[in-house]
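All values below were derived from every heavy atom in this structure, side-chain atoms included, with hydrogens, water molecules and symmetry-related copies excluded. These numbers were taken from a predicted model, which means no experiment stands behind them.
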Amino acid sequence: MCVPGCQEVVARRLSRRGLLKGLVGTTAGAAVFAAFPPPRAAHAADVSFTRAVDLTHALGEDFPTFFGKPQLRMERTAEFSKDGFNMYQWHLDEHTGTHLDAPLHFSADGVGADEIPMDQLIVPLAVVDIREKAAADPDHQLSVDDLKAFEAAHGDVPAGGCVAMNSGWAQHVASERYRNADAEGAMHFPGFSKEACLYLMEKGVVGIAVDTLSLDHGASKTFDTHYTWLPSGRWGLECLAGLDEVPATGATLVVGAPKIKGATGGPSRVFALV
């Protein structure tokens with residue numbers, strides 16, 4: 001996923017050394033890994049719920065993508081009328097539709113999707129509503145101030161949990177507004193700020209989630225949010241649906257992440273238990 005100019009940034013950061021150089025000045029470099037390790041067994045208590053909300057978009061070949069080109073092609077390999085069963089072969093980019101970003105996606109040696117512990121995939125969920133700000137400014141980055149305002153109203157974000165950004169962008173998934181690209185190809189949609197990520201790391205949050213195409217805001221060329229969050233051993237979710245149906249606090253997130261060895265992420269079925 002790149003906008004014009006980002007290939008150079010990615011090339012500079014392909015190694016852990018490059019990553020740490022990219023973090024120096026705004027974080028403590030290597031200390032970011034040791035200072036904010038993701039917690040374990042965050043949701044050991046019994047979970048009760050009255051309904052489940054599907055936070056997953058149905059994925060088709062025409063689903064919008066970061067690069068603007070199709071990332072799913074389904075090739076029929078068996079047909080019921082001829083073979084007695086139906087089957088397709090999928091030609092799929094890992095980061096398509098509602099999907100997981102594993103730490104390995106933006107680090108040289110992070111864990112893959114199959115290695116994320118189960119107790120980090122069933123966790124408390126907080127939903128931060130920035131719909132008004134996103135409507136006024138599609139380049140809005142969820143900020144530390146947004147998080148502090150949320151905590152003033154709802155209490156602390158959950159240690160060991162996930163914080164999701166509800167920007168209202170899911171309503172645009174069937175239109176060009178979802179990518180919201182300008183004449184130069186730069187996209188304009190909300191995401192998490194790097195500073196917000198560092199704040200959530202201090203709070204012990206293990207996952208962040210967005211209803212847009214990227215954890216970073218669309219116009220980013222440096223992907224600071226990805227390079228700050230994922231190499232610390234944490235995960236992200238992109239292209240969520242249904243966040244309007246989930247309360248600010250009290251829900252439990254269930255991430256059906258792909259268990260494919262070495263995967264950097266992948267399409268996931270995601271639920272909120274309310």
Side-chain angles (χ1 to χ4, degrees), residues 1-30 32-33 36 38 64-69 71 93-113 130 134 137-144 163-165 167 169 178-182 184-201 205-240 263-266:
M1 40 180 232
C2 273
V3 293
C6 85
Q7 293 287 355
E8 294 82 358
V9 173
V10 173
R12 287 199 303 269
R13 299 189 180 188
L14 285 178
S15 67
R16 176 174 284 267
R17 177 178 295 180
L19 167 66
L20 295 180
K21 287 181 179 177
L23 290 173
V24 168
T26 52
T27 73
V32 72
F33 302 98
F36 308 124
T65 68
F66 192 91
F67 294 109
K69 298 178 181 180
Q71 294 181 177
D93 185 297
E94 291 174 311
H95 298 273
T96 306
T98 301
H99 69 273
L100 173 83
D101 281 6
L104 182 59
H105 184 36
F106 268 69
S107 62
D109 52 6
V111 301
I130 61 162
D137 176 14
D139 292 318
H140 180 72
Q141 298 182 63
L142 190 149
S143 66
V144 174
V163 173
M165 175 193 80
S167 69
W169 226 250
Y178 198 66
R179 295 185 76 252
N180 202 26
D182 61 26
E184 285 72 44
M187 293 177 289
H188 300 276
F189 53 74
F192 277 81
S193 72
K194 177 179 180 176
E195 293 74 21
C197 288
L198 292 170
Y199 181 81
L200 293 175
M201 289 161 70
V205 171
V206 72
I208 57 174
V210 297
D211 53 358
T212 59
L213 280 165
S214 177
L215 303 178
D216 283 274
H217 69 297
S220 174
K221 294 183 180 180
T222 56
F223 304 107
D224 289 343
T225 295
H226 279 83
Y227 279 115
T228 299
W229 188 256
L230 298 177
S232 73
R234 291 165 167 83
W235 50 259
L237 292 170
E238 295 173 336
C239 302
L240 286 190
T264 70

Are any of the side-chain heavy atoms of [X] and [Y] separated by less than 4.5 Å?
X      : Y      : answer
Ile208 : Leu200 : yes
Trp229 : Asp101 : no
Glu238 : Leu213 : no
Glu195 : Leu198 : no
His188 : Asp139 : yes

Given 3.5 Å as the limit, does a donor-acceptor pair link the side chain of [X] with the main chain of [Y], or not?
X      : Y      : value
Ser193 : Gln141 : no
Asp216 : Asp224 : yes
Arg179 : Phe66  : yes
Ser220 : His217 : no
Trp235 : Leu230 : no
Ser214 : Gly218 : no

Just jot down the side chain to side chain donor-acceptor pair (under 3.5 Å) partners of Asp137, sequence neighbours excluded, or say none.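 By the side chain to side chain donor-acceptor pair (under 3.5 Å) rule, Asp137 matches no residue at all.
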
Give me the atom names and distance for the closest heavy-atom approach of [X] to [Y].
X      : Y      : answer
Leu104 : Ala263 : CD2-O, 4.4 Å
Phe192 : Cys197 : CB-SG, 4.2 Å
Gly97  : Cys239 : O-CB, 3.3 Å
Leu100 : Ala113 : CD2-CB, 3.9 Å
Thr212 : Pro190 : OG1-O, 3.3 Å
Arg234 : Val205 : NE-O, 2.6 Å

Under 3.5 Å, is there a donor on one side chain and an acceptor on the other for His95 and Thr264?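 A pair is found: one side chain offers a donor N or O, the other an acceptor, under 3.5 Å apart.
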
Relative to the ring of His226, is the ring of His105 parallel (under 30°), tilted (30 to 60°) or perpendicular (over 60°)?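 Judged by the thresholds at 30° and 60°, the geometry between His105 and His226 is perpendicular.
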
Spatial distance of atom CE (Met165) from atom CG (Leu142) [nearest 0.5 Å]: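 Output value for this atom pair is 7.0 Å.
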
First locate atom OG1 of Thr96, then atom CZ of Phe67, and finally report the distance between them rounded to the nearest 0.5 Å.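 If I round to the nearest 0.5 Å, the distance is 9.5 Å.
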
